[in-house]
2 protein chains.
Amino acid sequence: MYTKNINTHLIEIQDYFKAAISVDCVIFGFDENELKVLLIESDLKEFKGKWSLLGDIMHPDEDIETAAYRVLRERTGLDGVYMEQVQAFGGINRHPAGRVITIAYYSLVNIQHVELKTHSNELHWHAVKDIRQMAFDHKEILGTCLERLQHKVIEQPVGFNLLPKKFSLRELQNLYEAILDVKLDRRNFRKKFFAMDYLIDLNEEEQEVRHRPAKLYKFNQEKFDKQHKKSLGF
Amino acid sequence: MYTKNINTHLIEIQDYFKAAISVDCVIFGFDENELKVLLIESDLKEFKGKWSLLGDIMHPDEDIETAAYRVLRERTGLDGVYMEQVQAFGGINRHPAGRVITIAYYSLVNIQHVELKTHSNELHWHAVKDIRQMAFDHKEILGTCLERLQHKVIEQPVGFNLLPKKFSLRELQNLYEAILDVKLDRRNFRKKFFAMDYLIDLNEEEQEVRHRPAKLYKFNQEKFDKQHKKSLGF
DNA sequence: ACAAAAGTGTTTGACATACACCCATGC
DNA sequence: GCATGGGTGTATGTCAAACACTTTTGT
């Protein structure tokens with residue numbers, strides 16, 4: 001028995017250059033105390049009326065991550081935001097047009113910074129927990145990305161990317177409760193974040209609330225980056 | 001500005017079906033108290049004498065995971081072993097033959113069960129920590145897979161897949177020390193595993209050691225599966 | 001008897017959990 | 001003054017870390 005191997009035998013490859021690669025972006029936002037995701041209405045007849053992730057075919061001259069950032073930029077106008085590759089999805093019949101393998105990314109954006117392009121009125125933010133059906137295998141992709149985010153957010157303070165620069169501890173807690181779908185104890189939550197020591201007290205307060213205003217903080221990104229570099233052994 | 005989107009606009013896709021998808025398997029084994037990985041010598045002129053992961057082009061009629069299992073089976077004769085997708089690698093020039101996106105998997109095998117095929121004398125087990133250079137971007141892929149394994153092994157007891165059915169606690173500890181590249185306290189390690197309660201005492205002992213023989217255990221896979229199902233909400 | 005590794009318990013500190021009251025503001 | 005959420009501390013349990021001596025076997 002002879003085993004073909006792309007890494008050792010080149011000649012036979014050309015027959016195989018027939019697949020398409022796409023990227024699909026799970027763009028998370030946070031608003032009204034809910035985790036949201038940006039979706040577009042599919043206009044494929046196969047998925048009429050269903051919602052779809054934002055994706056595109058990867059161009060021949062860009063690498064995968066570049067394609068994912070391009071999709072994000074084209075749809076939200078944002079650049080340089082938090083993004084992480086999750087995994088590839090490649091079921092044989094996942095796309096009606098042929099064999100399309102998609103690489104899923106999720107990104108965390110400040111929903112206030114997103115200005116939906118005027119030509120994109122078919123774009124909408126959806127509460128993640130209310131989503132029932134989606135086009136393609138996008139429900140599965142969304143589920144996998146959400147799980148990854150849940151894991152990530154308890155390991156590293158990436159949640160700040162979903163918040164405005166200035167935020168109260170209540171907002172931060174609401175965020176974590178929305179992502180993890182749990183209720184958290186307020187005092188213990190505060191203790192944990194103060195102990196982490198990534199919060200900078202801005203000596204400002206909430207405005208226009210009809211109760212005692214909360215103090216505002218910002219995330220100490222520089223300190224986090226520095227400490228994280230260290231832990232990576234640089 | 002108009003944004004092409006594979007999920008909504010089909011007509012333009014055909015131009016893009018020109019990429020190849022491959023799978024690359026990081027096949028981990030454990031022997032002589034070292035974490036090993038199964039590699040093949042590359043015979044591409046570009047990578048003469050360099051070592052390469054085991055991979056192959058995905059066939060048009062199989063999904064990605066099937067392709068990965070096929071590579072594993074063809075190279076090791078093994079089936080149904082532990083495997084996990086890690087992520088896609090798709091740098092523009094990562095493959096000399098053209099645009100090849102590869103999906104990386106790692107798998108954990110009992111190295112004693114692997115019978116290297118006779119036609120595969122170019123296959124060798126390498127100690128992970130001794131590997132310097134590899135063909136393609138395989139060093140990066142290996143590194144990413146190792147990190148994923150390190151994460152996984154502290155969350156779930158997947159390490160058993162690397163050991164013989166019967167093992168001593170010393171072997172188990174050596175395994176964890178090799179994977180995580182740390183020294184562990186023997187008493188705390190034993191405590192932790194006994195507390196997990198996934199070890200079945202076989203009432204057998206090591207043979208032919210020139211010191212007090214250790215007791216042998218096996219992993220209670222059924223119990224683990226049952227508890228894990230529960231935690232997934234089934 | 002000696003070498004070599006197996007086996008075992010206790011103490012300590014750190015961290016997560018649970019829980020209730022006073023405070024500042026707008027109305 | 002009342003409704004609303006902001007802000008705080010303590011007690012308890014759980015878990016990880018540190019640490020040294022006895023036991024069993026082969027030679």
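So you know, we letter chains A, B, ... as the sequences are listed, proteins then strands, and number each from 1.
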Original post:
So does Arg186(B) reach the base of dG7(C) with its side chain, donor to acceptor, closer than 3.5 Å?
Top reply: yes
Original post:
Gln85(A) side chain to Ile103(A) main-chain N or O, any donor-acceptor pair under 3.5 Å?
Top reply: no
**OP:** Indicate yes or no: at least one non-hydrogen side-chain atom of Leu108(B) is less than 4.5 angstrom from one of Val158(B).
**Re:** yes
**OP:** Go through the steps to decide whether Met58(A) and Arg70(A) satisfy the test side-chain contact (heavy atoms from CB on, under 4.5 Å), and finish with yes or no.
**Re:** CA-CA 10 Å; Met58(A) 186 191 71; Arg70(A) 176 172 53 78; 5.7 Å; no
Original post:
Is there a donor on the side chain of Lys191(A) or the base of dT10(D) sitting less than 3.5 Å from an acceptor on the other?
Top reply: yes
Original post:
When only distance counts, do a donor and an acceptor, one from the side chain of Arg187(A) and one from the base of dA20(C), lie under 3.5 Å apart?
Top reply: yes
Original post:
Between Pro213(A) and Arg170(B), who's closer to the 5' end of DNA chain C by nearest nucleotide?
Top reply: Arg170(B)
Original post:
Whole-Å distance between dA6(C) C1' and Asn174(B) CG?
Top reply: 13 Å
Subject >> Glu208(A) CD to dG5(D) C1', straight-line distance once rounded to whole Å >> reply: 17 Å
Original post:
Measuring from Asp225(A):CG to Tyr198(A):OH, what's the distance to the nearest 0.5 Å?
Top reply: 9.0 Å
Original post:
Are any side-chain N or O atoms of Asp185(A) and backbone N or O atoms of Asn188(A), one a donor and one an acceptor, separated by less than 3.5 Å?
Top reply: yes
Subject >> Between dG6(D) (C1') and Gln173(A) (CD): distance, integer Å >> reply: 12 Å
Subject >> Separation of atom NZ in Lys183(A) from atom P in dC19(C), rounded to whole Å >> reply: 16 Å
Original post:
Which one, dA5(C), dC19(D), dG9(D), comes nearest to the side chain of His211(B)?
Top reply: dA5(C)
**OP:** Can you tell me the distance, in whole Å, between the CD1 atom of Ile154(B) and the C1' atom of dA16(D)?
**Re:** 13 Å
**OP:** Send over the distance from Glu205(A) CD to dA24(C) P, rounded to a whole Å.
**Re:** 11 Å
**OP:** Return yes if the base of dG7(C) and the side-chain atoms of Arg190(B) contain a donor-acceptor N/O pair under 3.5 Å, otherwise no.
**Re:** no
Original post:
In terms of side-chain heavy atoms of Asn188(A), which of dG7(D), dC19(C), dA18(D) is nearest?
Top reply: dC19(C)
Original post:
Any donor-acceptor pair under 3.5 Å between the side chain of Asp185(B) and the base of dA16(D)?
Top reply: no
Original post:
If you pin Lys192(A) and Arg212(A) to their nearest nucleotides in DNA chain C, which one's is more 5'?
Top reply: Lys192(A)
**OP:** Starting at atom CD of Gln207(A), determine the distance to atom P of dG26(C), rounded to an integer number of angstrom.
**Re:** 9 Å
Subject >> Gap between atoms CZ and P, on Phe189(A) and dA16(C) respectively (whole Å) >> reply: 13 Å
Original post:
Could one point to a donor on the side chain of Arg210(A) or the base of dC27(C) with an acceptor on the other under 3.5 Å away?
Top reply: no
